[in-house]
Amino acid sequence: MTLSEMSRRTLLKQGGSAVAGLSVLRVAGPAYAFQTPVAGEVIPWLDQPEPNPVPDVIVRQLAWEQLDSWITPPDQFFVIKHYNEPVLNETDYRLDISGLVANPVSLTLADLKARARQEVTFTMECSGNSGLPFFNGGVGNATWAGTPLAALLEEAGALEEGIEVVFWGADAGEQTWRDEITITEQFARSMSLADAMAADNLLVYEMNGADLPSLHGYPLRLIAPGWYGVANVKWLTRIEVIDRRYQGHFMARDYVTIREEERGDETVWTFTSVTHDRLKSAPARVTMADGRYSVMGAAWGAPIAGVEVRIDDGPWRAATLTEGEGSEYAWVFWTFDWDAASGEHTVTSRATDGDGNVQLAPDDPLLANKATYWESNGHITRRVRIA
Ligand SMILES: Nc1nc2c(c(=O)[nH]1)N[C@H]1C(S)=C(S)[C@@H](COP(=O)(O)O)O[C@H]1N2
Ligand SMILES: [Mo]
């Protein structure tokens with residue numbers, strides 16, 4: 001399904017909802033047909049992220065108050081880059097599938113593009129998002145196109161002892177281990193062979209209908225829908241099947257969640273590598289038009305069944321889902337009419353998924369027991385002053 005076909009289908013599906021009229025009238029072109037127009041004046045949040053001390057790593061963030069498109073245009077899509085930005089060209093580019101496989105291959109970009117094409121609209125979030133005072137815009141939604149990974153792995157034929165698939169990026173940087181060894185380590189992430197074989201995993205060469213931009217991994221990246229950003233390896237040059245678990249920097253050192261858990265009357269510390277997305281939502285902005293206030297926001301990380309909003313310490317009240325409802329991997333937009341009194345207020349949202357799970361408060365023991373900032377999916381509270 002192309003992006004424009006998808007837009008049409010979504011618009012048809014939303015025909016009965018209140019927002020459909022707005023969406024249809026604002027359709028600008030096929031590429032960005034989803035438009036949630038910012039009606040009225042945006043009232044900026046009082047709590048703005050702190051200045052970003054790591055601009056080479058957190059290269060770009062979503063500006064929540066400017067969020068007006070369900071599909072995030074690449075120039076607004078957050079960028080995380082831990083090492084250098086490799087400059088790869090189509091002529092020299094090869095993807096090697098090697099290791100414990102019966103038929104190793106080396107594929108050109110043309111080889112990959114000649115294979116079956118599949119698209120997925122997937123909201124990707126960095127698992128560090130909301131965990132640091134200068135990082136709250138590490139999420140974006142795009143339609144990714146590429147070729148299914150499973151068929152390629154099947155053709156390569158993993159040998160019986162192969163249990164793990166390592167995805168190597170072309171970028172590398174210095175890492176020091178135990179203050180003893182300093183090496184230049186390539187970016188790499190792995191998954192079990194079973195996880196890698198999931199039907200939705202794609203080797204992606206297009207983002208929103210155009211070549212993958214350089215910062216998003218040109219010419220090829222893994223897109224693993226439902227997984228946190230770190231699993232979606234950019235500048236992908238090698239896929240390797242191995243017979244043990246992989247423990248590189250981004251599996252075993254960084255992107256590791258450390259928790260203090262209870263086992264009966266004993267306390268244990270657990271260490272787990274960041275993997276699947278978690279249920280989350282956030283208020284994007286407050287607007288005022290004709291003296292009426294409204295809050296708009298997004299929810300993602302699981303198929304979304306509903307979103308509620310709480311003003312100050314008031315009751316939770318239902319928001320209206322406006323775009324993206326029913327999508328498996330993409331965020332849902334929501335709005336909430338707010339009869340706001342003048343003064344300073346807090347706005348909090350919480351999402352419920354299709355299985356009835358509710359996004360937790362940040363002080364819930366299941367989140368408060370984390371010693372690390374990864375996977376911070378608690379309620380997000382923003383502050384705003386109403387005139
Ligand atoms: N090769 C490579 N792939 C990578 C990274 C990286 O630094 N190098 N960063 C990862 C992380 S932590 C995230 S959150 C996503 C961000 O993808 P984006 O920059 O396209 O938004 O890419 C992932 N893939
Ligand atoms: Mo990330």
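The figures that follow rest on heavy atoms only: side chains count, while hydrogens, waters and symmetry mates do not. Just so you know, ligand 1 is whichever comes first in the structure, and atom 1 is the first atom listed for that ligand. The chain is numbered in sequence order, starting from 1.
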* With sequence neighbours excluded, what pairs up with D56 under the salt bridge (charged side-chain N to carboxylate O under 4.0 Å, His left out) test? -> none

* Do NZ/NE/NH1/NH2 and the carboxylate oxygens of E125 and K280 come within less than 4.0 Å? -> yes

* **Salt-bridge present (E206, R117; N to O < 4.0 Å)** => yes

Exercise answer, ligand 1 polar atom pairs (N/O) under 3.5 angstrom:
unit_1, atom_1, unit_2, atom_2, d
ligand 1, 1 (N), D171, OD1, 2.8
ligand 1, 1 (N), D171, OD2, 3.3
ligand 1, 1 (N), K234, O, 2.9
ligand 1, 3 (N), K234, N, 2.9
ligand 1, 7 (O), H82, N, 2.8
ligand 1, 8 (N), D171, OD2, 2.7
ligand 1, 17 (O), R221, NH2, 3.2
ligand 1, 19 (O), I80, N, 3.0
ligand 1, 19 (O), K234, NZ, 2.5
ligand 1, 20 (O), H216, ND1, 2.6
ligand 1, 20 (O), R221, NH1, 2.8
ligand 1, 21 (O), F78, O, 2.6
ligand 1, 22 (O), R221, NH2, 3.4
ligand 1, 24 (N), N232, O, 3.0

* **Pairs meeting criterion salt bridge (Lys or Arg N to Asp or Glu O under 4.0 Å) with involvement of residues 304-314, two or more places apart** => E308-R350

* **Qualifying salt bridge (Lys or Arg N to Asp or Glu O under 4.0 Å) pairs, either residue in residues 77-96, two or more places apart** => none

* S127 side-chain N/O to E375 backbone N/O, donor-acceptor pair under 3.5 Å -> no

